[in-house]
Amino acid sequence: MTPERMDTKTILEWAERHLMTTYARAPLCLVRGDGVRVWDADGKEYLDFVGGIAVDALGHCHPKVVAALREQAGTLLHVSNLFHIAPQAQLARLLVEHSFADRVFFSNSGAEANEAAIKLARKYAKEAFASDRTEIITMRGGFHGRTLATLTATAQEKYQRGFEPLVPGFKYVPYGNLRAVEQAVDSRTAAILVEPIQGEGGVVVPDDGYLPGLRRLCDETGVLLMLDEIQTGVGRTGRLWAYQHWGAEPDVMTLAKALAGGLPIGATLAKEFCARAFTPGSHASTFGGNPLVTRVALAALETVIAERLPERAARMGDYLLARLRELAARFPAVRAVRGMGLLVALELDRPAGPLVAACREQGLLVLTAGEQVLRMTPPLIVNEAAVDRAAEVLEDVLGREVA
Ligand SMILES: *Cc1c(COP(=O)(O)O)cnc(C)c1O
């Protein structure tokens, strides 16, 4: 049976029987996409405000992404990092030209990008201070991935339970609390790893003084400031990188999600002084930065920059936030509206799951961010009409589900 000919019922049955049960999936199967729209196996159309969890910044099947993918697929897919790879070098150059960073290491996912950052921090701090300076400070409610080290960095019990023993060398403090970080930093601290806006943790935007305060603290102590921009990067929040909102440059930044327009990629960017800690043999990835993924990422990032999509995200995000604030004023079940650019959320007074399901029934895909937060991460190419449609569905769903 070819995948195109499978009906939803069969797909769900086979998945239930043969896949490990790590996901609580929605009971539908998406088979095709175009821009901000997707279609399921039964032909029903949806407005996609999930966007592959902040991955599909250019929407589905963007012509620039499709063209790059087709061309590279017929040229060279994979050769390993034993050789030089032209699009990998070009992508690194583009990232460096448009950020604080001097050098880039490529991997295949967000967790791997953070793993590399954690390893880099340990190696740098040991060498720079000739001491046992190995500890990483991370924030409660944060999310950094599911490998053992990044799971340990993810200071949330619900993800960690059952997987102990965790990796030594992490210390947790509350998010958004500069004093707490100041008190936690000591002679063993190698780095602070933090999201500029917490994504999975509920779309939590810190006070304006937070990132600049962390920068100052790191300058005073020699601790590395490592920003996890895996969800916030590549234009999502209205600037190419979220740190630009606060003018607080990191020493290390991790990227993944939207960077390759839908293909799997991770990137760890760093300033020269700490990037130098990695030498031949220090770290590696067989697939990392392969010709296919970096060629497509190059096309995707060039398009994001050339089409000024961060500015568009800022504009559309403000428009979406305004529509959501209207809803919040009318429905007491909405406790708060949060976000920046097109990383946006409604905090509810009840579990968000049933509302997400009701939206889906009405042809709108949204997701949660924790128990009571309904999150939206639409493609950055979204327009007013799509935002209006999403707001209409939410209004209808809030009116009916939240009596
Ligand atoms: C999604 C995410 C990760 C993990 O990325 P994976 O590609 O799933 O490993 C890490 N950090 C943040 C902030 C994320 O949003």
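Each ligand, and each atom within it, is numbered from 1 in the order the structure gives.
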(message) For a quick check under 3.5 Å, do Glu200 and Gln231 share a side-chain donor-acceptor pair by atom type?
(response)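 Present: a donor and an acceptor within the cut-off.
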Does any N or O atom in [X] lie less than 3.5 angstrom from one in ligand 1, N or O only?
| X | value |
| --- | --- |
| Glu200 | no |
| Ala256 | no |
| Ile230 | no |

Give the atom numbers and elements of ligand 1 that come within less than 4.0 Å of a heavy atom of [X].
| X | answer |
| --- | --- |
| Ser109 | 7 (O), 9 (O) |
| Asp228 | 10 (C), 11 (N), 12 (C), 13 (C) |
| Gln231 | 15 (O) |
| Glu195 | 13 (C) |
| Ala111 | 4 (C), 5 (O), 6 (P), 9 (O) |

(request) Could you tell me the residue and atom name of the protein heavy atom closest to atom 14 (C) of ligand 1, and the distance to it rounded to 0.1 Å? (result)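 Ranking protein heavy atoms by distance from atom 14 (C) of ligand 1, first comes Lys257 NZ, 3.0 Å.
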(request) Write out the residue and atom name of the closest protein heavy atom to atom 6 (P) of ligand 1, then the distance separating them to 0.1 Å. (result)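 Looking at atom 6 (P) of ligand 1, the protein heavy atom closest to it is Gly110 N, 3.5 Å.
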(message) Once rounded to the nearest 0.5 Å, what's the spacing between atom CD of Gln90 and atom CG of Leu298?
(response)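 Gln90 CD to Leu298 CG: 5.0 Å, rounded to 0.5 Å.
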(request) Report the distance from atom CD1 of Ile85 to atom OG of Ser80, rounding to the nearest 0.5 Å. (result)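 One gets 7.0 Å once the value is rounded to the nearest 0.5 Å.
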(request) Could you pull out the closest heavy-atom pair between Arg37 and His60, with the gap in Å? (result)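 Arg37 and His60 have their closest heavy atoms at O-CD2, 3.9 Å.
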(request) Evaluate the 4.0 Å heavy atom contact test for atom 9 (O) of ligand 1: does a protein atom fall under the cut-off? (result)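 Under 4.0 Å from atom 9 (O) of ligand 1, at least one protein heavy atom found.
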(request) Taking the side chain as every heavy atom from C-beta outward, state whether Leu367 and Val356 have any pair of such atoms under 4.5 Å apart. (result)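 Counting from C-beta outward, Leu367 and Val356 never come under 4.5 Å.
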(message) Between Glu220 and Arg216, does any side-chain N to carboxylate O distance fall below 4.0 Å?
(response)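 Not counted as a salt bridge, because no side-chain N and carboxylate O are separated by less than 4.0 Å.
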(request) Look at Glu311 together with Arg315 and state whether they make a salt bridge at an N to O cut-off of under 4.0 Å. (result)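 Salt bridge: no.
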(message) Below 4.0 Å, non-hydrogen atoms only: which portion of Arg146 touches ligand 1? Side chain, backbone, both or neither.
(response)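 Arg146 to ligand 1: no contact under 4.0 Å from either part.
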(request) Quick one: do Gln72 and Thr75 satisfy side chain to side chain donor-acceptor pair (under 3.5 Å)? Show the steps, please. (result) CA-CA 5 Å; Gln72 192 60 43; Thr75 306; 5.0 Å; no
